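Everything below concerns the one structure shown next.
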Amino acid sequence: MKAVELSRTYDPKDFEDRIYKAWKEKGEFGPSASDKEHFSVVMPPPNVTGILHMGHALNNSLQDIIVRYHRMLGQPTLWVPGTDHAGIATQNVVERQLQKEGLRRQDLGREKFLERTWQVKEKHHDIIKGQLEKMGCSCDWDHERFTMDEGLSRAVREAFVTLYERGLIYKGKYLVNYCPKCGTALADDEVEYENVPGKLYDVRYPYADGSGYITVATTRPETMFGDTAVAVNPDDERYKDIVGKELLLPLTDRRIPIISDRFVAMDFGTGMVKITPAHDPNDFECGKRHGLEAINLLNPDGTLNENVPEKYRGMMAEEARKLVVEDLEKGGYLVKVTDHAHDVGHCYRCHTTVEPYLSEQWFVSMRSLADKALAAWRNGDIEFFPKRWENTYTHWMENIRDWCISRQLWWGHRIPVWYCKDCGKMIVSRTDPDECPECHGHHLEQESDVLDTWFSSWLWPFSTLGWPDKTPDLERFFPTNTLVSAYDIIFFWISRMIMASEEFLGKAPFHDIVITGLVRDIKGRKMSKSLGNGIDPLEVIDRYGADAMKFTLCYLAAQGQDVMIDMDSFRLGSRFANKIWNATRYLLMNLEGRNLVEIDRSRLTIMDRWIYSAFNRAARTIEDAMKGYHFNEAAQAIYSFFWNDFCDWYVEASKPRLLNGTDEEKDLQASILMDVLERSMRLMHPFLSFLTEEIYQKLPNHHGDVIAAPYPVFDGLLEDNEAEAMASLLQESARVVRAARSNLQIGPEKKLKVVIRMEEGEKAAFLRSEASLLASFMGASSVIIDTSASEDVSGAFPAAAVGFEAFVFVRDAIDVDAEMARLENELKKAEALLEASEKKLSNENFLSHAKAEAVEKERGKKAEAEERIAKAREHMALLRSF
RNA sequence: GGAGGAUUAGCUCAGCGGGAGAGCGCUUGCCUUACAAGCAAGAUGUCACAAGUUCAAUCCUUGUAUCCUCCA
């Protein structure tokens with residue numbers, strides 16, 4: 001066999017793109033035809049506006065790992081990719097572009113504007129797809145979907161009309177959150193509250209009968225023109241007698257009543273609040289209870305309308321506030337102004353202050369949907385990882401509020417409702433009607449509002465599979481298995497998908513919900529454009545490779561914890577990839593002249609058996625870790641197996657046999673190395689996909705592509721406790737001698753004689769059989785296993801370990817003081833352990849209550865500590881005689 | 001005002017009731033014919049604080065402190 005040459009350095013650019021293309025061309029990402037149980041995942045669709053950031057990289061890396069893992073387990077696996085039209089966000093992007101050209105969307109008109117938005121969508125879509133490919137995501141591009149493509153639009157209509165038919169959608173005049181800048185209503189969740197400094201104004205409202213005045217406190221005096229009452233708490237003794245009296249609203253000629261309502265907090269301000277139903281959610285509810293009029297003061301653009309005195313009309317709220325305060329002061333109504341920080345809602349897209357705004361909107365009645373979603377959780381149909389998110393989920397579901405789904409935007413799914421201009425009939429329809437069913441008129445006009453973006457994304461797990469049609473995909477891959485998402489969209493998206501799926505298909509859309517942390521910078525700040533602290537995944541890939549990025553993120557992603565990283569963090573994965581590359585390079589170049597042979601287990605040495613056992617242990621750890629989505633544990637198992645076990649010990653141990661053995665020995669050794677390497681590539685593939693594929697193709701013993709190869713699972717036959725115990729003895733003895741050499745500053749060029757004194761037995765026999773290997777690990781000229789204490793060790797340097805003692809024959813260059821200090825430290829540690837053990841063992845309660853194994857283990861520890869103490873003392877005495 | 005998370009080595013973090021761990025950084029020695037992005041050896045901790053449960057607590061319970069999220 002010829003040696004296989006690998007380039008001198010690991011350079012992922014050499015092969016990542018090529019391999020991705022090959023996988024794609026071979027159709028490796030599509031589901032196999034196997035009749036095993038399916039495994040499916042839908043990708044949380046990124047907003048088609050943006051480019052992918054580190055959070056996406058984390059999220060998709062984890063999904064890719066899960067998907068590749070299950071694919072290799074032989075399940076027909078489907079990972080559905082796609083993008084979200086992101087209503088407000090995308091419309092904002094296009095409007096900002098227009099703004100630069102001095103245009104507004106109204107200047108273009110709806111149709112032209114949408115045309116332009118589609119172009120932006122196409123451009124960003126290509127970028128996003130390119131990024132996912134660069135990352136190596138093994139999603140099935142043949143199944144790619146977009147929330148506004150034809151099939152999904154049909155699903156949206158089906159969902160809307162079905163809910164309407166079930167009486168769960170209604171239209172009405174309500175107070176909604178309104179962003180004046182975006183010019184649209186927002187759902188409750190789309191408002192972000194921020195504590196900002198403000199003022200609290202105490203204002204006098206005189207009694208209408210001239211008998212004095214009362215004082216109310218408000219943060220928004222400009223809304224007083226919408227006041228239709230002042231309220232006090234019915235239990236408030238102070239104001240018992242004034243309820244029912246009338247007040248004169250300052251700066252106007254209106255009279256308003258004093259009412260009593262439980263929602264008024266007695267201890268806030270004066271205990272009296274003005275009621276402005278059209279501009280405060282609490283007041284709105286209160287107004288409804290008391291039949292008060294709601295006076296809307298705002299135009300859609302946020303300016304004050306004709307319901308305020310003329311001088312304030314056309315002003316924005318903040319502008320008007322100043323003037324109103326001035327006027328109140330002039331009129332003698334202003335009592336005092338105090339600083340008062342309070343929470344103000346902001347639009348989650350453009351950060352403009354959100355106004356409560358009275359308008360006609362469409363709503364979904366959520367109670368019954370939420371109850372089904374809660375039942376799904378109670379029945380165990382969904383499970384969160386980590387579990388604690390279930391509290392968040394149930395809390396939200398239990399306190400659900402109706403969902404405002406209409407948006408005054410152009411980019412999105414237009415609400416499938418038409419109005420007949422002739423007779424006023426409202427038509428809700430799955431298909432575009434051309435005639436009024438009532439008057440048969442043809443003057444129909446479609447509702448101009450579009451639906452909230454989440455109204456399409458909440459259908460994602462089944463609309464992408466063909467729903468409302470009963471497609472084979474839907475049949476085969478729904479419900480999906482695992483959803484991976486960050487915690488910031490549990491409410492927006494995850495909860496609603498569960499509700500939609502339960503409502504329309506009667507099943508939960510997925511079983512496992514994996515909630516990842518957020519990616520933060522090294523200072524713990526959220527990565528954001530405005531802070532400029534983001535790390536571009538493409539830059540990471542450019543510098544370190546896609547595998548290094550994926551492995552690093554996986555290694556750092558402890559379940560549900562935020563991940564803090566900077567550019568340098570990715571060196572972790574990069575170094576590991578480099579290590580794998582170089583180990584492979586070494587092994588492949590030693591194939592020259594070798595023949596791979598059948599590996600006969602009876603011919604394996606203990607070290608051979610050990611590496612198989614260690615491999616097997618890693619496989620089991622990964623299996624357990626993947627079951628519970630402990631990605632970091634899986635990554636760590638891989639890392640320590642390949643680097644610490646395989647490279648540091650096994651490959652080193654194989655060198656003598658591989659380089660100096662007989663041809664037969666060399667062939668067997670090379671075969672074992674190739675076998676373990678081949679298995680390792682399969683084991684590591686989900687975590688380091690490109691690298692393992694590139695290497696796999698070069699292995700003489702590979703079969704097909706690693707992406708489609710079977711995943712190594714725990715194999716009882718490979719488990720070998722005896723070999724593990726023996727190997728750790730060998731490692732320990734090598735370590736002890738190396739440490740002694742290092743402490744004594746003996747350079748590696750000096751080959752010294754070593755005597756290991758221990759009891760006769762299997763262990764001694766093993767070490768004796770591996771004496772030459774031990775010698776190479778220890779840098780010894782010879783290693784003698786002395787079980788009869790017959791070797792003369794006078795003048796040799798002693799090094800202690802549990803179960804044996806090593807004597808290193810060295811006379812020169814010994815730093816006695818330093819070694820003495822080390823021994824004293826060792827003595828102290830051992831004495832502390834002994835003390836702890838003795839304390840436990842002299843405790844009657846421990847002996848009677850603890851498990852028998854625990855007591856036995858403790859006795860072992862005590863004996864061990866005693867041995868260490870004795871050795872340390874002995875060696876200190878020896879050292880003194882040097 | 002509720003809910004949740006965090007507090008472990010200089011830094012970033014694992015650790016899920018029985019002798020404190022990893023990576024990076026640091027110290028020392030090595031270009032040992034795969035890797036100096038490497039090898040070997042090493043130092044470093046009142047596991048935030050206080051009570052409690054337990055034979056046994058970094059781990060469970062309850063408080064306290066600091067920091068961070070989310071919800072109202």
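Keep in mind that this is a model prediction, so the values were computed, not measured. So you know, we letter chains A, B, ... as the sequences are listed, proteins then strands, and number each from 1.
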Please report the distance, rounded to the nearest Å, between CG in A:Asn177 and P in B:A72. 10 Å
Taking 4.0 Å as the cut-off, does a side-chain nitrogen or oxygen of A:Arg738 come that near to OP1 or OP2 on B:A41? yes
Separation of atom CZ in A:Phe642 from atom C1' in B:A34, rounded to whole Å: 11 Å
A:Asp566 has an atom CG; how far is it from atom C1' of B:G23, in whole Å? 13 Å
Does the ring of A:Tyr586 carry A:Lys655 above it, NZ/CZ under 6.0 angstrom from centre and within 45° of its axis? yes
Please name all residues satisfying ring-ring contact (aromatic ring centres under 6.0 Å, His included) with A:Trp389, sequence neighbours left out, ordered by chain then number. A:Tyr487
Side chain to side chain donor-acceptor pair (under 3.5 Å) partners of residues 770-779 of chain A, not counting sequence neighbours, each pair once: none
A:Trp649 or A:Asn845: which one's nearest nucleotide on RNA chain B is closer to the 5' end? A:Trp649
Earlier contact from the 5' end, RNA chain B, for A:His395 and A:Asn391: A:Asn391
Sequence neighbours left out, what pairs pass salt bridge (charged side-chain N to carboxylate O under 4.0 Å, His left out) with at least one residue falling in residues 670-679 of chain A? A:Asp675-A:Arg679, A:Glu678-A:Arg682
Protein-nucleotides 17-21 of chain B N/O pairs under 3.5 Å:
residue : atom : partner  : partner atom : Å
B:G18   : O2'  : A:Lys861 : NZ           : 3.2
B:G19   : OP1  : A:Lys861 : NZ           : 2.2
B:G19   : N1   : A:Glu864 : OE1          : 2.6
B:G19   : N2   : A:Glu864 : OE1          : 3.2

Please list all pairs passing the salt bridge (charged side-chain N to carboxylate O under 4.0 Å, His left out) test where one or both residues lie in residues 733-744 of chain A, with sequence neighbours left out. A:Glu732-A:Arg735
Less than 4.0 angstrom from a charged side-chain N to a carboxylate O is my criterion; do A:Lys666 and A:Glu592 meet it? no
Please list, chain by chain and in numerical order, all residues satisfying ring-ring contact (aromatic ring centres under 6.0 Å, His included) with A:Phe284, sequence neighbours excluded. none
What does A:Tyr555 touch in the nucleic acid at a heavy-atom separation under 4.0 angstrom: a base, only the sugar-phosphate, or nothing? sugar-phosphate
Distance, P atom - from B:U44 to B:G21, rounded to whole angstrom: 12 Å
Within this structure, what is the CG-to-C1' distance between A:Leu774 and B:A40, rounded to whole angstrom? 16 Å
Got a sec, which residues hit ring-ring contact (aromatic ring centres under 6.0 Å, His included) with A:Phe646, two or more places apart in sequence or on another chain? A:Phe642
Output yes when at least one side-chain N/O atom of A:Arg401 is less than 4.0 Å from OP1 or OP2 of B:A72, else no. yes
Looking for any heavy atom pair under 4.0 Å, which part of the strands does A:Arg735 touch: base, sugar-phosphate only, or nothing? sugar-phosphate
Show me the dot-bracket string of RNA chain B, counting Watson-Crick or G-U pairs under 3.5 Å, with | for pairs to another strand and [ ] for crossing ones. (((((((..((((....[..)))).(((((.......))))).....(((((..]....)))))))))))).
Just grab all the ring-ring contact (aromatic ring centres under 6.0 Å, His included) pairs involving residues 557-577 of chain A, residues at least two apart or on different chains. A:Phe551-A:Phe576, A:Phe576-A:Tyr639
If you restrict it to nitrogen or oxygen atoms, what contacts under 3.5 Å exist between nucleotides 35-38 of chain B and the protein, and what is each distance?
residue : atom : partner  : partner atom : Å
B:C35   : OP1  : A:Arg8   : NH2          : 3.1
B:C35   : O4'  : A:Asn582 : OD1          : 3.2
B:C35   : O2'  : A:Asn578 : ND2          : 3.4
B:C35   : O2   : A:Lys579 : NZ           : 3.0
B:C35   : N3   : A:Lys579 : NZ           : 2.8
B:A37   : O2'  : A:Asn578 : ND2          : 3.2
B:G38   : O3'  : A:Lys579 : NZ           : 3.2

A:Lys840 meets the salt bridge (Lys or Arg N to Asp or Glu O under 4.0 Å) criterion, sequence neighbours left out, with A:Glu858
Return the set of residues passing ring-ring contact (aromatic ring centres under 6.0 Å, His included) with A:His53 (not counting sequence neighbours), or none when no residue passes. A:His56
